[in-house]
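Structure, as structure tokens:
Because only heavy atoms are used, hydrogens play no part in the values below, and waters and symmetry mates are left out as well, while side chains stay in. Since the structure is predicted, the reported quantities are computational estimates derived from the model, not experimental observations.
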Amino acid sequence: MRLPGTRYQEHGWEQVRKLLGQCSLQAFARIDPASVDDALLPEYVDTVARLLRMDGGRGDAPGNSYGDTVRELALSLVYELQARPADWAALCAAVGGEQARMGAFWRAPGGDALLRKKFNDLYAVLRDKVDSDNYQVACGRPCSPNRMYAYRMLDTAYGEVARLFAGWREHREQVGAILGRELAAEPIETRQLGSVADCRPEWILRWSETLERFGSAPGPLHTRSKRFASLKDSPEKIGAMLREIGEYEALSANADRDWLQDAVDAGAWLDDYWRVLGESEQASTPGPDRILEAQQDALDLAEGEPIEEPAEALPLLDPLVVEQVSLSPSYLQMAAAAQERGSWALRMMENDSLPVRLAVYLKLLGPFDDSYPCEWLDAATGELPTMQQLALLDAVSLPTLRKRRDAAIARLGAAAGQKEE
């Protein structure tokens, strides 16, 4: 389902929910659930955000039709939680209540599933709050999280009605109950139902009414819950909401077609470009073009782009060192290859060893920063190696590494001062 301003109401939500639940359980493995309180919210957010960035392929999947990935949607929701401490307080209360009733339930068999459900409930409520706020900004109309939930219920109900209509022969009796008449042949309504905007509110009401008879439980509009109380006797309100979903679906689908057409046009242009380039190369005269050949003088060579030097060659770590630092044998090689060649900081520290450079970053930026390549990070912690690990990698004592690090930082500071002048 799409509505103006929403990002969490489409097919990718299930993957977002699963990823958040997985990373939350990993975060709580480092945070004792027995001591969870309001003060732990910043630590939880930082830990989950770090785990999301280190996630493998699941986070790269598309999360909605606007181009957001599952990881991007999950990260946005985690950071949103930090701005809404009341939702975190509700989670703490739920975990505390379950603990008072069952003890340390997360250690019992199936306890992980119960703890994951607490996080699922937290983020299910939070996504509707975020999307309802964005809907109000986009449309200028009031929208509560409960109304957003109602939009989603109606969209799901339409999908069920459409499924029953498509298989009307197998569900003849239930479709007849929804249409309010017995079916002797294919009803014309099965062909008229082309989109959610074509769905009539009375069909939704009758579909909900038939669920207890043809299913296992009462429909959403026929339970004792007060969540949809305002819709039970308001077919005109249901119709308006269905039309709104359908209108924006058509509007956004048209935008998708235009974008896809642009992509096709761009692809065709590139195909023509490479075809013409290939034909011109095949038809060219062998040897250099004496007429159009560009001559480089000394000034051109002096001001040209610097030639990128190959990454420094470093040996594999000794097995004894690997055991001491708990890093990959090829850690130094991969970390060196991931450096940004030609950067100002690297040029200033070109005479320093790689462990000294990493110690400088550890001192100046901290153990984790978005600018660090993943090859620099310790897979066990998701952070830069500690000073003890770096000293072992450099085969020097810890005081010596600190002395070399401080000297490199002093050179950087002096060079930066001269550069400003």
Set of ring-ring contact (aromatic ring centres under 6.0 Å, His included) partners for Phe119, sequence neighbours left out: Phe28, Tyr44
Partner set under ring-ring contact (aromatic ring centres under 6.0 Å, His included) for Trp203, not counting sequence neighbours: Phe165
Arg347/Glu350 under salt bridge (charged side-chain N to carboxylate O under 4.0 Å, His left out): CA gap, chis, key distance, verdict: CA-CA 5 Å; Arg347 292 200 307 273; Glu350 62 181 350; over 6 Å; no
Is there a donor-acceptor contact under 3.5 Å from the side chain of [X] to the main chain of [Y]?
X      : Y      : result
Trp106 : Gly111 : no
Gln333 : Ser330 : no
Arg405 : Lys363 : no
Asn64  : Tyr8   : no
Ser208 : Leu205 : no
Asp198 : Ser195 : yes
Tyr331 : Trp376 : yes
Gln389 : Thr386 : yes
Lys232 : Thr223 : yes

Distance check, rounded to the nearest 0.5 Å: [X] atom [atom1] versus [Y] atom [atom2]?
X      : Y      : atom1 : atom2 : answer
Thr210 : Ile178 : OG1   : CD1   : 4.5 Å
Leu317 : Gln324 : CG    : CD    : 10.5 Å
Leu77  : Leu126 : CG    : CG    : 4.5 Å
Glu383 : Asp378 : CD    : CG    : 8.5 Å
Arg357 : Met348 : CZ    : CE    : 12.0 Å
Leu51  : Leu20  : CG    : CG    : 11.0 Å

With sequence neighbours excluded, residues passing side chain to side chain donor-acceptor pair (under 3.5 Å) with Gln15: none
Counterpart residues, side chain to side chain donor-acceptor pair (under 3.5 Å), relative to Arg107 (two or more places apart): none
Taking side chain as C-beta onward, heavy atoms only, is [X] less than 4.5 Å from [Y]?
X      : Y      : value
Arg127 : Arg17  : no
Pro85  : Asp38  : no
Leu221 : Glu209 : no
Arg404 : Asp352 : no
Cys92  : Leu40  : no
Pro385 : Leu327 : yes
Leu362 : Pro367 : yes
Leu81  : Tyr123 : yes

Could you report the tightest heavy-atom contact between [X] and [Y], atom names first, then the distance?
X      : Y      : answer
Leu384 : Gly366 : CD1-O, 4.0 Å
Ala379 : Met54  : O-CE, 4.2 Å
Pro235 : Pro201 : O-CB, 3.1 Å
Gly21  : Arg116 : C-NH1, 3.6 Å
Ala27  : Val48  : CB-CG2, 3.8 Å
Trp207 : Ala157 : CZ3-CB, 3.5 Å

Worked check of side-chain contact (heavy atoms from CB on, under 4.5 Å) between Met349 and Leu412: CA-CA 8 Å; Met349 296 189 291; Leu412 288 174; 4.0 Å; yes
Lys/Arg N to Asp/Glu carboxylate O, Lys117 vs Asp121, below 4.0 Å: yes
Electrostatic pair Arg71-Asp60, nearest N-O below 4.0 angstrom: yes
Flag yes if more than 12 heavy atoms outside [X] fall under 6.0 Å of its [atom1] atom; otherwise flag no.
X      : atom1 : answer
Arg191 : CZ    : no
Glu170 : CD    : yes
Tyr149 : OH    : no

Test: Arg2 cationic atom under 6.0 Å from Tyr66 six-membered ring centre, within 45° of axis: yes
From CA spacing to verdict: side-chain contact (heavy atoms from CB on, under 4.5 Å), Met148, Cys143: CA-CA 7 Å; Met148 186 60 61; Cys143 180; 3.9 Å; yes
Side chain to side chain donor-acceptor pair (under 3.5 Å) contacts in which one or both residues fall within residues 79-90, not counting sequence neighbours: Arg53-Tyr79, Glu80-Arg84, Arg84-Asp133, Asp87-Lys129
Pair Glu10-Ser65, side-chain donor/acceptor within less than 3.5 Å: yes
Thr6/Asn134 under side-chain contact (heavy atoms from CB on, under 4.5 Å): CA gap, chis, key distance, verdict: CA-CA 6 Å; Thr6 63; Asn134 291 335; over 6 Å; no
side-chain contact (heavy atoms from CB on, under 4.5 Å) between Glu98 and Leu114, intermediate numbers included: CA-CA 9 Å; Glu98 205 70 44; Leu114 185 55; 3.8 Å; yes
Partners passing side-chain contact (heavy atoms from CB on, under 4.5 Å) against Lys237 (at least two apart in sequence or in another chain): Ser230, Leu231, Ser234, Met241
